[in-house]
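Structure, as structure tokens:
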Amino acid sequence: MGGKPPAIGGILETAVYVDDMQAAHTFYGGVLGLERMVEGDRLFAYDAGPGETLLVFRRGVTSEDIETPGGIVPGHHCEGPSHFAFKIAQADLDAWRAYLPEAGVEIISEVTWPAGGTSLYFNDPDGNVLEMAAPALWPNFTG
């Protein structure tokens, strides 16, 4: 195997698996204010920022391949809680610190990273671990 791999343009989708789709929509669409772009029996898709999509799948209904008019989507699933982070501006950190508890969401941890960024950790209704992350956190997320 030789050569350099082609460029990757970023992460287009990230997924979370839930048991209660309505509770998930109340949380992601209501509490977090994400716009739902797709609503179906097995998944909701939310606008999570420019060119980024959060997929919320009903747990247990995506493990089998699914045939679509455009081709076969391979089965996938997740057991137990998963994790992902939302990017936020440093200037919005205090607003999120105040808003989440006001919205009934407990901040379970706050971490200040060696590079200077801060993360707020909390759970969705299914116990997935979510993070609001302000830069700098990673060398490629500085502001």
Side-chain angles (χ1 to χ4, degrees), residues 4-143:
K4 185 176 176 182
I8 292 176
I11 294 178
L12 175 63
E13 302 170 343
T14 195
V16 64
Y17 296 80
V18 303
D19 294 313
D20 185 331
M21 296 294 280
Q22 187 53 50
H25 179 61
T26 298
F27 182 78
Y28 289 103
V31 175
L32 297 186
L34 300 179
E35 179 185 346
R36 183 166 56 189
M37 302 181 296
V38 172
E39 177 181 358
D41 292 337
R42 60 190 292 274
L43 89 111
F44 295 157
Y46 294 89
D47 181 345
E52 299 173 14
T53 302
L54 171 63
L55 301 176
V56 177
F57 288 106
R58 183 185 311 275
R59 193 182 314 274
V61 299
T62 59
S63 59
E64 301 294 323
D65 293 355
I66 185 167
E67 191 167 339
T68 72
I72 294 175
V73 177
H76 47 81
H77 70 283
C78 176
E79 301 292 331
S82 62
H83 165 71
F84 65 92
F86 290 102
K87 296 184 281 190
I88 62 170
Q90 182 69 38
D92 291 335
L93 187 59
D94 285 337
W96 279 105
R97 270 192 198 106
Y99 173 75
L100 288 169
E102 288 171 5
V105 178
E106 177 187 4
I107 297 172
I108 57 174
S109 179
E110 181 170 331
V111 175
T112 302
W113 298 103
T118 302
S119 293
L120 305 176
Y121 290 92
F122 55 98
N123 296 113
D124 76 0
D126 278 84
N128 293 297
V129 179
L130 281 58
E131 176 182 357
M132 292 295 178
L137 190 94
W138 298 107
N140 63 346
F141 179 47
T142 58

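We count residues from 1, following the sequence as given.
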> What pairs with Ser82 under side chain to side chain contact (heavy atoms under 4.5 Å, CB included), at least two apart in sequence or on another chain?
Replying inline: Val16, Cys78, Asn128

>> Run the salt bridge (charged side-chain N to carboxylate O under 4.0 Å, His left out) test against Arg58 and tell me which residues pass, sequence neighbours left out.
In response: none

> Could you give all pairs that pass the salt bridge (charged side-chain N to carboxylate O under 4.0 Å, His left out) test and reach residues 28-45, with sequence neighbours left out?
Replying inline: Arg36-Glu39

>> Please list all pairs meeting salt bridge (charged side-chain N to carboxylate O under 4.0 Å, His left out) that have one or both residues in residues 119-132, counting only residues at least two apart or in different chains.
In response: none

> So do Thr62 and Leu43 actually touch side chain to side chain, heavy atoms under 4.5 Å?
Replying inline: no

> Among all residues two or more places apart in sequence or in another chain, which pass the side chain to side chain donor-acceptor pair (under 3.5 Å) test with Trp138?
Replying inline: none

>> Tell me which pairs pass salt bridge (charged side-chain N to carboxylate O under 4.0 Å, His left out) where either residue lies in residues 60-85, with sequence neighbours left out.
In response: none

>> Ignoring hydrogens, what is the shortest heavy-atom contact between Ala115 and Ala136? Give both atom names and the distance.
In response: O-CB, 3.6 Å

> So do the side chains of Pro125 and Val18 get within less than 4.5 Å of each other, counting heavy atoms only?
Replying inline: no

>> Quick check: do Trp96 and Ile107 have side-chain heavy atoms less than 4.5 Å from each other?
In response: no

>> Between Phe27 and Val56, is there a side-chain heavy-atom distance shorter than 4.5 Å?
In response: no

> How close do Gly127 and Pro81 get, heavy atom to heavy atom, and via which atoms?
Replying inline: O-CB, 3.2 Å

>> According to side chain to side chain donor-acceptor pair (under 3.5 Å), who are the partners of His77, at least two apart in sequence or on a separate chain?
In response: none

> If you measure from CG on Leu120 to CE on Met132, what distance do you get to the nearest 0.5 Å?
Replying inline: 8.0 Å

> With sequence neighbours left out, what residues match Ser109 under side chain to side chain contact (heavy atoms under 4.5 Å, CB included)?
Replying inline: Val111, Tyr121

>> List the residues meeting salt bridge (charged side-chain N to carboxylate O under 4.0 Å, His left out) with Asp20, not counting sequence neighbours, and say none if there are none.
In response: none

> Atom OG1 of Thr118 and atom CD1 of Ile88: how far apart are they, to the nearest 0.5 Å?
Replying inline: 8.5 Å

> Is there side-chain contact between Tyr28 and Leu130, with at least one heavy-atom pair below 4.5 Å?
Replying inline: yes

> Mind checking what makes side chain to side chain donor-acceptor pair (under 3.5 Å) contact with Asp19, not counting sequence neighbours?
Replying inline: Arg59

Would you list the atom pairs, donor with acceptor, under 3.5 Å between side chains in residues 44-55 and any protein atom, with sequence neighbours excluded?
from, atom 1, to, atom 2, distance (Å)
Tyr46, OH, His25, ND1, 2.7
Asp47, OD1, Gly49, N, 2.9
Glu52, OE2, Lys87, NZ, 3.3

> What heavy-atom pair brings Gly60 and Ser63 nearest, and what distance separates the two atoms?
Replying inline: O-OG, 4.4 Å

>> Within the supplied structure, the quantity of interest is the number of heavy atoms (other residues, nucleotides, ligands) at a distance under 6.0 Å from Ile11 CD1; does it exceed 12?
In response: no

>> Listing request: all salt bridge (charged side-chain N to carboxylate O under 4.0 Å, His left out) pairs with a residue in residues 96-106, at least two apart in sequence or in separate chains.
In response: Asp94-Arg97, Arg97-Glu110

